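Shown next, in C-alpha cells, is the structure this report addresses.
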Amino acid sequence: MNRTLLDRRRAGLLIPVYALRRDGDFGIGDTLAVKEAIDFAASVGFEVLQILPIHETYGDHSPYNPISSRALSPALLTMTPEEVPGLTREMLEAAAPADWLADLRTGSVSHDVVHPLKTHLLLNAYHGFRKLPADDPLHREFEDFRKARTDWLDAYTLFRLLIREYEGNTRWPEWRPEHRALHSAEDWLARHPARDALCSLREGFAYIQWIAWRQWKDVHAHAGKAGVRLMGEISFGVSLHGVDVWADPSLFDREWSLGTRPLAHFDTNKDSERWGQNWGLPAFRWENHRATSFRWLRGRIEWAKEFFHGSRLDHLRGYFRAYMFPWTGGARHVEFSNLGEEEAAMLTGGLLPRFVPGADEDPVASRLNDLQGREIISQIIDAAGEMDLVAEIMGDLPEYMARTLDDLQLANLVFPQLQRHANRSIHAPESFRELSLVSYANHDNAPLAMLYLHLHRQAVDDPQSAAAADLRALLAFAGWKGGEFPARLEADLLLALQAALFSTRCRLAVLMCSDLLGIPLRFNLPGSYGKGTWSDRLDMRLADYAAHAVYGPRIEAVSGLIRRSGRSSRDAVQTAPR
C-alpha cells in the first residue's frame, strides 16, 4: 500500500461520474465521459482522478445508500453498440429518440428516468447478445464472469428479479413471506410455472453486471495508458432495503440506524442540529462478521481493486465506534428533530442515540473502540493489497485513532479550514501530515466559491464574528496581501488558495471540479434526502471549460501550479512513503 497514489507528491481532480457531460450522453455522466475526464486530467497535469461510489442505487439515488455493495450502476454505463454487445442502433432509436435525449441532457440528472431507461435497453441488448453465434468468444467470457462471482451475483440477480416482481418496491420486509429470504426465494423460483422466462430475465441482470464490469475495466486500462490513477470510494454502509441485508441478515442490525452525532454549522441541514445525521443505514453486527473471517467486508474491498488504483474509506470513525439511532432516517428522523430526549424516549421504549461500543469519553469504551477499529481496518488494508487507501476522518481525533493511522500507515483526509489553532488560525502548510490527501471540499462540502461568499457576508455583518476570523485565517493561509476582504472569489484569490493547497507537504492534493473552476456547484448537503439530491451536473464538457474565455485561463494556471509545486511526474523526485 501507499505505492500507487501516495508514493510521492501528486495532484488530483474530484468529479462525481453523474456530473460529467459528453456529446451523446443520456443526461448523466457515463464511462465514456470518465475516459474523457481522464484525458482532461492528464492534459492539465492531474495524476489522480477521484470519483464517488459507482454502485447501483434504487429510489434513493445517494451513492452512499447502494442496494448492493458489489453491483455496479447501470445508469453510469455507456449505451452504444460498440460498448454493449447485442445492442443495436434500432433498439436505441426505438427506446431513446434523439429529441427526447436532447431534453434529458438539459439541467440536472433525472435518475427516475435514466436508471429504468438504461436498464430496459440493457435487457433488450441481452436478448440480442443471446443471438450471437454460439462460438462467439463473448459467450465464454460472460459465463466465466458469472462463475467467478457467484458469491454475490446469484443473490443480486434474484433480488433484482424480485424488485421487478414488486414493480420497483425494494422494501423486502413488505414482500410476501417466501420472498423475504434468499433460500425461500430460490425455492419459489424453482417451482414457478414461468420459471424459464424468469430465469432468462435473471440472467439478463447478470449480463448487465458483466457489461458494467467490462466497461469499468476498460476505464481502468485507459487511465493506465494516460498515466492517471483512478481513485474510487468504499461507502461505509449499505441500504437497509438492499440485497446485502436481504441475503445475509445476520451481518446487520436493522433495529438501529447509522449516522453522526449532532452537527450545527451552515454546511448541514437543520434536521441535523438536534440529533445529528441519520443515514437510515443498518448497523453492522461485527461479531458475526468476525465469525466469517470478515468474508463480506474483504470481498467488497477486493472487488474495488478490479477498477481502482486507490479508494477513499468513507467514515473511518464508524469502524472504531458507530453512532446509532433507535429510529430510521428520512422523514422519520425529521419527526424526531423537534423532540427533546424525554419525548423521544417515550416513542422508543427508552432508547436514545448512542455510540457502540461506546463513547470515547469512557476509558473502558475507548479501549474497546480502539481494539475493534484496529481489527476491522487491518482486515481492510490486508484485502486492499496494492490499492492505496485514504481514510475519511477529519478534525480532532482521539489519541487512539491517530495512533492507529500511524501504526497502520493509513493516509487520511485533511481540510485546511478545519486544521486550526485555538485562535482560529489555520496550521502552516508544512505542518500537515505528509501521508494524507488535502482538499478544500468534497461532495459533502460547500465549494470555495460558496464558502467564501458565506464567510464574507458574515464578516461584513459582524467584523468581530467567528466567520470574520475564519475568513482572515483563510486569506492568511493563501498568503493574501490585499488588505481588505475581496468582495468575491476572483481568479487571483482562487489561484492563491489553490497554490496554498499544493504547497502543503501532503502527498496528494485534490481539487474538487468546482474548486478548479471557482464555481459554486456543490453535490450534496449533508442530511438532505429525496428527489433532486445527488443530481447537479457541470454546465459543459470539460473540454469546453478548457476552451472557455473565463475558465480556460484558470485551468491553465492550475496546470502551471502543478508543475511548480513538484506535483507533476516530469518534476517529481521519488520518495518512500512514511
Side-chain angles (χ1 to χ4, degrees), residues 2-17 19-20 33-51 219-232 308-310 312 388 390 411 414 416 429 432 434 436-442 447-448 478 491-519 538 540-575 577:
N2 301 335
R3 299 187 182 279
T4 306
L5 306 183
L6 299 160
D7 57 332
R8 60 170 175 79
R9 290 161 59 81
R10 301 180 190 273
L13 177 65
L14 166 63
I15 313 177
V17 175
L20 291 165
V34 176
K35 288 184 179 180
E36 293 182 0
I38 288 168
D39 294 339
F40 170 83
S43 71
V44 177
F46 292 111
E47 295 183 2
V48 176
L49 180 65
Q50 182 183 354
I51 61 177
V219 168
H220 183 274
H222 185 84
K225 292 175 183 177
V228 173
R229 281 78 171 168
L230 279 179
M231 182 176 176
F308 300 110
H309 302 92
R312 193 186 88 143
D388 284 357
V390 176
V414 173
F432 290 6
E434 183 178 1
S436 62
L437 183 162
V438 64
S439 182
Y440 287 117
N442 57 25
L448 281 172
D492 51 353
L493 178 53
L494 174 66
L495 186 63
L497 286 164
Q498 293 165 337
L501 193 78
F502 289 157
S503 73
T504 65
R505 65 197 295 260
C506 304
R507 289 288 176 84
L508 183 55
V510 174
L511 288 175
M512 186 166 68
C513 56
S514 306
D515 291 341
L516 168 65
L517 303 169
I519 59 177
L538 291 165
M540 298 181 280
R541 300 179 311 146
L542 291 171
D544 295 331
Y545 280 108
H548 194 273
V550 172
Y551 301 114
R554 295 183 180 185
I555 294 169
E556 187 175 350
V558 168
S559 183
L561 280 180
I562 293 172
R563 292 193 302 273
R564 292 193 298 275
S565 64
R567 295 186 179 275
S568 169
S569 59
R570 286 170 289 185
D571 307 306
V573 176
Q574 294 294 329
T575 55

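Worth saying up front: this structure is predicted, and the values here are computed from it rather than measured.
His309 and His220 have parallel rings, their planes meeting at less than 30° on a 0 to 90° scale where 60° marks the start of perpendicular.
Here the side chain of Arg554 pairs a donor or acceptor atom with the backbone of Leu517 at under 3.5 angstrom. Although no hydrogens or angles enter the test, the distance criterion places a donor-acceptor pair under 3.5 Å between the side chain of Arg505 and the main chain of Phe432. No donor-acceptor distance shorter than 3.5 angstrom exists from the side chain of Thr504 to the backbone of Pro429, with no hydrogens or angles considered. At least one donor-acceptor pair under 3.5 Å links the side chain of Ser439 to the backbone N or O of Val510.
The shortest heavy-atom contact between Phe308 and Gly232 is CD2-N, 3.4 Å. The shortest non-hydrogen separation linking Asp7 to Thr4 is OD1-O, 3.8 Å. What you find for Leu448 and Asp515 is that their closest heavy atoms are N-OD1, 2.7 Å. Among all heavy-atom pairs drawn from Leu497 and Tyr440, the shortest one is O-OH, 2.6 Å. Between Gly45 and Ile562 the shortest heavy-atom distance is O-CG2, 3.6 Å. Closest of all the heavy-atom pairs between Leu508 and Gly12 is CD1-N, 4.1 Å.
Looking at heavy atoms from C-beta onward, Met231 lies in side-chain contact with Val390 at the 4.5 angstrom threshold. The shortest distance between side-chain heavy atoms of Ile519 and Pro447 does not fall below 4.5 Å. Using a 4.5 Å cut-off on side-chain heavy atoms (C-beta onward), Val228 and His222 make no contact.
Rounding to the nearest 0.5 Å gives a distance of 10.0 Å between CZ of Phe40 and CG of Leu49. Atoms CG and CZ, on Asp388 and Arg229 in that order, are 9.5 Å from each other to the nearest 0.5 Å. The structure places OG of Ser568 at 7.5 Å from CZ of Arg8, a figure rounded to the nearest 0.5 Å. Atom OG in Ser43 sits 12.0 Å away from atom CD1 in Ile38 (nearest 0.5 Å). Taken from NZ in Lys35 to CG in Leu20, the straight-line distance is 14.0 Å, to the nearest 0.5 Å. Taking CZ from Arg9 and CD from Glu434, the interatomic distance works out to 8.5 Å, rounded to the nearest 0.5 Å.
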Check against side-chain contact (heavy atoms from CB on, under 4.5 Å), Gln50 and Asn442:
CA-CA 10 Å; Gln50 182 183 354; Asn442 57 25; 5.6 Å; no

Residue pair Arg567, Leu561: steps toward the side-chain contact (heavy atoms from CB on, under 4.5 Å) verdict:
CA-CA 8 Å; Arg567 295 186 179 275; Leu561 280 180; over 6 Å; no

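Among the candidates Leu13, Leu14, Leu542, the single residue satisfying the side chain to side chain contact (heavy atoms under 4.5 Å, CB included) test with Leu516 is Leu13.
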